[in-house]
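Notes for the one structure printed next.
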Amino acid sequence: YSDTFYPILSQFGVFGAILFIIFIKKRWMEGLNLDNYENYKIFIFILAYILIQCIAENTITGPNCIPLMIMLGLILSNNRLEYYGSDKFS
């Protein structure tokens, strides 16, 4: 393990930093469209945890982020099913 994630971004250069920012921005834009207030609170908590934890640990590439990303994916995909309808994804 490295002690922080943000310095790892410098290994991938400007392109890696841009991809990280795009990833966070896309998740943020999807999270703003959440209809359920409980899911919105969980989304904010997960995203804040990931951004804060990246200061002290390599959260994105480490094993601690796997359950968080699974929960984030479930919350955001559930919102898509409610928005588009279940027949769109079958």
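Not measured: the values here are computed from a predicted model. For the numbers below, each heavy atom of this structure counts, side chains included, while hydrogens, waters and symmetry mates do not. Each residue takes its place number in the sequence, starting with 1.
Annotation: the span from Phe43 atom CZ to Asn33 atom CG amounts to 9.5 Å, rounded to 0.5 Å. To the nearest 0.5 Å, the span separating CG on Leu76 from CD1 on Ile46 amounts to 8.5 Å. The CG atom of Leu47 sits 5.5 Å away from atom CD1 of Ile24, with the distance rounded to the nearest 0.5 Å. Taking CE of Met69 as the start and CD1 of Ile50 as the end, the distance is 4.0 Å to the nearest 0.5 Å. Rounding to the nearest 0.5 Å gives a distance of 6.5 Å between CE of Met71 and CD1 of Ile42.
Met29 and Ile75 fall within the same hydrophobic cluster, where Ile, Leu, Val, Met, Phe, Trp and Tyr residues are linked whenever their side-chain heavy atoms come under 4.5 Å apart, directly or through other members. Leu51 and Leu32 end up in the same hydrophobic cluster when Ile, Leu, Val, Met, Phe, Trp and Tyr side chains are linked at under 4.5 Å.
Sequence neighbours left out, the pairs with a member in residues 39-53 that pass salt bridge (Lys or Arg N to Asp or Glu O under 4.0 Å) are Glu38-Lys41.
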> Yes or no on side-chain contact (heavy atoms from CB on, under 4.5 Å) for Leu68 and Asn64, after CA distance, side-chain angles and deciding distance?
Replying inline: CA-CA 7 Å; Leu68 294 174; Asn64 296 340; 5.9 Å; no
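Remark: Ile44 engages Trp28, Tyr40 in a side-chain contact (heavy atoms from CB on, under 4.5 Å) (not counting sequence neighbours). Take Phe45 and apply the side-chain contact (heavy atoms from CB on, under 4.5 Å) test, not counting sequence neighbours, and it matches no residue.
Here Leu19 is tied into one hydrophobic group with Phe15, each link being a pair of ILVMFWY side chains closer than 4.5 Å.
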